[in-house]
2 protein chains.
Amino acid sequence: MKNQERSLRHESRLNQMLSRVRDRHFRLTPQRMAILQILANSEEHPTVEDIYQQVKTRFPTTSLATVYKTIALLKELDEVLELGFPDGSNRYDGNRPYPHPHAICTKCKKIMDPEISSVDELSEEMRQKTGYTISFHRLDFFGLCPECQDKP
Amino acid sequence: MKNQERSLRHESRLNQMLSRVRDRHFRLTPQRMAILQILANSEEHPTVEDIYQQVKTRFPTTSLATVYKTIALLKELDEVLELGFPDGSNRYDGNRPYPHPHAICTKCKKIMDPEISSVDELSEEMRQKTGYTISFHRLDFFGLCPECQDKP
DNA sequence: TCCTTTGCAGATAACGGTTATCAAGAAATA
DNA sequence: TATTTCTTGATAACCGTTATCTGCAAAGGA
Ligand SMILES: [Mn+2]
Ligand SMILES: [Mn+2]
Ligand SMILES: [Zn+2]
Ligand SMILES: [Zn+2]
């Protein structure tokens, strides 16, 4: 079943995050634990504000700064993928913390992970033709999601 | 000769920009002409500040706002490609005003246009697998350019 | 040519998500 | 328990972009 796979992946991701945090001897505060859980469990590429609102339901005194700092920590550990946008906003993927393509709805801002052919061949072609040493990439497809195509 | 090709393309691009501006009955002021020339002639994906500094050598009283407004005009006419970055900065390509891959040096910030296999097949695969109607994309490869690889 | 209308240039204030800063509190260490 | 280090929460600062406003200049009509 699809949902079960997902649950397993989420649990696995949380454990991975937790061990990385512990290995580096960072403290595992309740706020941090909550943020890690949210990132490990979400498939929606949440914004900082999304995460903030969710954390506050469990720990109402949590500061926005704590969310930013925990995300910075996870970035340092390579345990979250940050998708920065030109308007200054960010979206986060805690499930697949490595570069991968995204489909972005220009209307409702939903972001999904498509299962698509790898772009590693393009990366290799790039290296050969430009002489650059490619360390990472970013591939976004913009358009309308099925839901937004229906309601005009 | 490579440089000659480039000159021809630049001239062609400038003419294309000019006719679009005229067709829509926008006024062709000296400042606008200067900015169009800079964008048509540059291969370096200049920043707004780059353009501003160049324009000021010919028209010292030019305001930064005029540069922004002219770029906004060209975007409306689909005559310039804007590459927005998460830090809020932008780079512009007046030569190829349509989505195409870029190689970005993470050290010196140089951006180049690689001649690479098209990503249209990926776009099509995307459409089929996600149900999104893809209208444009963005593909960036990050790494070190040949020059920056040498000097550590 | 004069007058009216419209568009553009230049200057500057406002914007907003992120980052930096700092005091207070909590956890590790001895 | 005392001391050190880390973390939280609150808030100021950041900075390229965007919005706003005023004065000027180019079109267009009579
Ligand atoms: Mn993703
Ligand atoms: Mn380009
Ligand atoms: Zn949508
Ligand atoms: Zn370089």
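Below, read A as the first sequence line, B as the second, and so on, with proteins coming before strands; counting in each chain starts at 1. Here the structure is a predicted model, which is why all the values come from computation and not from measurement.
Of the possible polar contacts, none joining the R91(A) side chain to the K110(A) backbone as a donor-acceptor pair under 3.5 Å is found. With hydrogens and angles disregarded, a donor-acceptor distance shorter than 3.5 Å links the side chain of R138(B) to the backbone of G84(B). Side-chain atoms of R9(A) do not come within 3.5 Å of backbone N or O of N95(A) as any donor-acceptor pair.
No engagement by D87(B) is indicated, since no non-hydrogen atom pair under 4.0 Å with the nucleic acid exists.
Distance CD1 (I71(A)) to P (dT8(D)): 13 Å, rounded to an integer number of Å. One interatomic measurement links the two molecules: OH of Y68(B) to P of dT17(D), which rounds to 3 Å at whole-angstrom precision. Following rounding to the nearest Å, E82(B) (CD) and dT17(D) (C1') show an atom-to-atom distance of 10 Å. Counting to the nearest Å, the P atom of dG9(D) and the CD1 atom of I35(A) are 9 Å from each other. Rounded to whole angstrom, the span from the CZ atom of R22(B) across to the C1' atom of dA27(D) amounts to 16 Å. Atom CG of L83(B) is separated from atom C1' of dG16(D) by 16 Å (rounded to the nearest Å). The nearest whole Å value for the distance from the CZ atom in R91(B) to the C1' atom in dT17(D) is 17 Å. One atom, CE of M33(A), and another, C1' of dT7(D), lie 16 Å apart when rounded to the nearest Å.
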Checklist outcome for this item: Readout for nucleotides 7-14 of chain C: B = base within 4.0 Å of protein heavy atom, S = sugar-phosphate only, - = neither; 5' to 3' it is BSBBB---
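Heavy atoms from other residues, nucleotides or ligands lying under 6.0 Å from CD of Q128(B) number more than 12. Around CD of Q4(A), the count of heavy atoms belonging to other residues, nucleotides or ligands within 6.0 Å does not exceed 12.
An OP1 or OP2 oxygen of dG17(C) is reached within less than 4.0 angstrom by no side-chain nitrogen or oxygen of N90(A).
Looking at DNA chain D, the stems built from 3 or more consecutive Watson-Crick or G-U wobble pairs, each pair with its key distances under 3.5 Å, are C:1-30 with D:1-30.
Once rounded to the nearest 0.5 Å, the distance linking CD of E43(A) with CZ of R96(A) reads 6.0 Å. Taking CD from E82(B) and OH from Y92(B), the interatomic distance works out to 3.5 Å, rounded to the nearest 0.5 Å.
Using a 30° and 60° split on the angle between ring planes, F142(B) and F136(A) fall in the parallel class, below 30°.
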Next on the checklist: Working note: R127(A) + E124(A), criterion salt bridge (Lys or Arg N to Asp or Glu O under 4.0 Å); need CA distance, chi angles, decisive distance, verdict.
Outcome noted: CA-CA 5 Å; R127(A) 192 190 61 73; E124(A) 174 58 19; 2.8 Å; yes
